[in-house]
Asker: 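Below you'll find the structure I mean.
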Amino acid sequence: MRDALERFRWNDITPEEVYLSRRRMLGGLGAAAGGALIGACGPRSRPSSDAADGAQGPTADGGPPPVRTLAGPLSPAVEATPEADPNRPASDERGDGVTSYDAITNYNNFYEFTTNKEAVARLATGFTTSPWEVKVGGLVNKPMTFDLDGLQRFGLEERIYRLRCVEGWSIVVPWDGFPLRKLLSAVEPTSDAKFVRFESVLRPAEMQGQGGVGFTWPYTEGLRLDEAMNDLALLVTGVYGRTLPPQNGAPVRLVVPWKYGFKSIKSIVRIDLVAEKPTTLWNTAAPDEYGFFANVNPAVDHPRWSQQTERRIEGGLARRRTLAFNGYDGQVASLYAGMDLKAYY
Ligand code: MTE
């Protein structure tokens, strides 16, 4: 199976152009740019209704509805409430209602600040997000360093994605960003590049959680190169048409909607193309609990809780059936053809 990890080379990859999730093109970065150890996502900060007690019956989720592609102008002015933009759909392509701005920005996992989801927003207030640089290098022909203005060349679009945390809660989010593959193509990976390694900022003076023990900071994550080139993988600079707030990973984060939320690394400062599977924070901390692939998979339980159901954070305690690849199987299942997804979770 080692072959499955390494068989993809840059030249094999065809960018995914199929638009199967709810999206619309935006003008530019503009408004949107501008147990100590094993908790992930762990039980200490998890509400009692999540994860370990998540074995209640599922609600019926039908098959994916037909896909709609969206286009429309952004409201010229910032709305009084983020939800007020009449051009923004109220649901994703499955008909799942978007989660409110208030909920998305006040219930966060960002361990650099705290493991208390409700306290992240307060502790992240004032976090310095400008100036900011993202260095992109490693096995590439054209290493580049981008400041926030530099990222504007990749354009901006809104995509409504479901995010499913490994803990068993989920949200539906209108992100503003651009496909990661655009940035990777710009730096020209060499034929030796097989994985992408991401690194979050290391700034213990501003992030009190980095002063504690139990994790190897900075937060790191990784994708296989063909996963990173999939059109769904998004670099995000905004939410609800507004600049991404610090608690959600400002100024730029990754969102990989078919994988558990811990793969969607926040506040990125480095992206490197590498030959070997990179080490990652959660996989290093607890390899049996947080696999490198971490594809949403209701058939593979977390060692300490079922992954068959999840709770939308605004939906009370009701649980719904978790979908394979978080419902994006049509776009990503082919990436894993022939792989034993129980062994490579
Ligand atoms: N990125 C960093 N740098 N630090 C983190 O603690 N938490 C991850 C992910 N990215 C995390 C991170 C987890 S477990 C989840 S579920 C999502 O961020 C949560 O994103 P949100 O707070 O925007 O909903």
Side-chain angles (χ1 to χ4, degrees), residues 1-16 37-38 40-41 134-146 166 179-202 215-235 252-256 258-297 300 325 332-345:
M1 263 314 180
R2 188 173 162 80
D3 285 344
L5 288 177
E6 299 188 341
R7 66 175 181 228
F8 291 96
R9 305 184 75 84
W10 170 249
N11 291 341
D12 298 333
I13 295 160
T14 308
E16 178 84 59
L37 183 58
I38 308 186
C41 291
V134 182
K135 285 187 172 27
V136 189
L139 300 172
V140 299
N141 291 323
K142 294 183 177 169
M144 294 184 192
T145 298
F146 298 93
V166 72
L180 171 63
R181 66 173 163 76
K182 289 191 178 181
L183 178 140
L184 296 179
S185 299
V187 297
E188 297 182 8
T190 69
S191 58
D192 293 331
K194 292 173 190 158
F195 293 88
V196 188
R197 176 185 182 275
F198 303 87
E199 187 177 305
S200 295
V201 69
L202 181 66
F215 294 104
T216 309
W217 304 110
Y219 196 104
T220 49
E221 258 309 332
L223 295 173
R224 214 172 51 190
L225 181 54
D226 60 327
E227 299 179 309
M229 291 298 290
N230 187 280
D231 185 66
L232 286 181
L234 204 64
L235 280 173
V252 57
R253 72 174 294 175
L254 181 68
V255 175
V256 194
W258 71 94
K259 293 177 178 283
Y260 290 121
F262 67 87
K263 300 293 288 186
S264 292
I265 182 172
K266 296 176 169 180
S267 302
I268 297 169
V269 293
R270 279 198 74 91
I271 300 176
D272 284 308
L273 282 288
V274 295
E276 304 292 332
K277 182 160 69 79
T279 57
T280 63
L281 179 138
W282 279 112
N283 188 239
T284 301
D288 295 343
E289 306 206 349
Y290 308 106
F292 175 80
F293 284 97
N295 294 316
V296 175
N297 189 348
V300 177
F325 298 108
V332 301
S334 61
L335 294 170
Y336 311 101
M339 273 179 69
D340 177 357
L341 293 176
K342 292 198 168 157
Y344 289 88
Y345 53 88

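These numbers come from the heavy atoms of this one structure, side chains and all, not from hydrogens, waters or symmetry mates.
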Asker: Of the non-hydrogen atoms in Glu227 and Asn295, which two are nearest, and what is the gap between them?
Answerer: OE2-OD1, 4.4 Å
Asker: In Å and rounded to the nearest 0.5 Å, what is the CD to CD1 distance from Glu221 to Ile271?
Answerer: 13.0 Å
Asker: Would you compute the distance between atom CG of Asp192 and atom NZ of Lys194 and round it to the nearest 0.5 angstrom?
Answerer: 7.0 Å
Asker: Can you say whether the rings of Phe215 and Trp217 are parallel (under 30°), tilted (30 to 60°) or perpendicular (over 60°)?
Answerer: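 Tilted, since the angle between the ring planes falls between 30° and 60°.
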Asker: Closest approach of Phe195 and Glu276, non-hydrogen atoms and distance?
Answerer: CD1-C, 3.4 Å
Asker: Specify the closest pair of heavy atoms between Leu223 and Lys259, including all atoms of both residues, with the distance to one decimal.
Answerer: CD2-CE, 3.7 Å
Asker: Nearest 0.5 Å please: distance from the OG1 atom of Thr280 over to the OH atom of Tyr290.
Answerer: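 Output value for this atom pair is 12.0 Å.
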Asker: Whether Lys263 engages the ring of Phe293 as a cation-pi pair (distance to the six-membered ring centre under 6.0 angstrom, angle to the ring normal within 45°) should be assessed.
Answerer: no
Asker: Could you go through Leu335 and Phe325, starting from their C-alpha distance and side-chain angles, then the distance that decides it, and tell me whether this counts as side-chain contact (heavy atoms from CB on, under 4.5 Å)?
Answerer: CA-CA 11 Å; Leu335 294 170; Phe325 298 108; over 6 Å; no
Asker: Of all the heavy-atom pairs spanning Ala228 and Val196, show the shortest one and how long it is.
Answerer: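 Distance-wise, the nearest heavy atoms are CB-CG2, 3.7 Å.
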Asker: For Ala294 versus Phe262, what's the shortest heavy-atom pair and its separation?
Answerer: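 Closest heavy-atom pair between Ala294 and Phe262: CB-CZ, 3.4 Å.
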Asker: Quick check against the 3.5 Å criterion: does Ser200 have a side-chain atom that pairs as donor or acceptor with the backbone of Lys266?
Answerer: yes
Asker: Can Tyr336 and Tyr344 be said to form a ring-ring contact (aromatic ring centres under 6.0 Å, His included), step by step?
Answerer: CA-CA 10 Å; Tyr336 311 101; Tyr344 289 88; over 10 Å; no
Asker: To the nearest 0.5 Å, what is the distance between CZ (Arg181) and CG (Leu234)?
Answerer: 10.0 Å
Asker: Report the distance from atom OG1 of Thr220 to atom CG of Leu281, rounding to the nearest 0.5 Å.
Answerer: 5.5 Å
Asker: Just by modelled atom types, is the Asn297 backbone N or O under 3.5 Å from a matching donor or acceptor in the Tyr260 side chain?
Answerer: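 Answer holds: yes.
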Asker: Are Leu183 and Phe146 packed together at the side-chain level, in the sense that at least one heavy-atom pair is separated by less than 4.5 angstrom?
Answerer: yes
Asker: Asn230 vs Trp258, test: side-chain contact (heavy atoms from CB on, under 4.5 Å). Steps then yes/no.
Answerer: CA-CA 11 Å; Asn230 187 280; Trp258 71 94; 4.0 Å; yes
Asker: With no hydrogens and no angle check, is any side-chain donor or acceptor of Arg197 less than 3.5 Å from a backbone partner on Gly138?
Answerer: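 Between the backbone of Gly138 and the side chain of Arg197 there is no qualifying donor-acceptor contact (under 3.5 Å).
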Asker: Decide side-chain contact (heavy atoms from CB on, under 4.5 Å) for Leu235 and Val134; before the verdict, give the C-alpha distance in whole Å, the side-chain angles of both, and the deciding distance to 0.1 Å.
Answerer: CA-CA 12 Å; Leu235 280 173; Val134 182; over 6 Å; no
Asker: I need the minimum non-hydrogen distance between Leu341 and Val300, along with the two atoms involved.
Answerer: O-CG2, 3.9 Å
Asker: Can a donor-acceptor pair be found, under 3.5 Å and without considering hydrogens, that links the side chain of Ser264 to the backbone of Val256?
Answerer: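 Yes, because the side chain of Ser264 sits within donor-acceptor range (under 3.5 Å) of the backbone of Val256.
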Asker: The test is side-chain contact (heavy atoms from CB on, under 4.5 Å); show your working for Val140 and Glu188 and say whether it passes.
Answerer: CA-CA 5 Å; Val140 299; Glu188 297 182 8; 5.7 Å; no
Asker: Can you find a pair of side-chain heavy atoms, one from Phe198 and one from Pro278, that are under 4.5 Å apart?
Answerer: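 In short, these two side chains do not touch, never coming nearer than 4.5 Å.
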Asker: Indicate yes or no: at least one non-hydrogen side-chain atom of Leu273 is less than 4.5 angstrom from one of Thr190.
Answerer: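 The answer is no; the side chains never approach within 4.5 Å.
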Asker: With rounding to the nearest 0.5 angstrom, report the OG to CG distance, Ser191 to Asn141.
Answerer: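 Ser191 OG to Asn141 CG: 9.0 Å, rounded to 0.5 Å.
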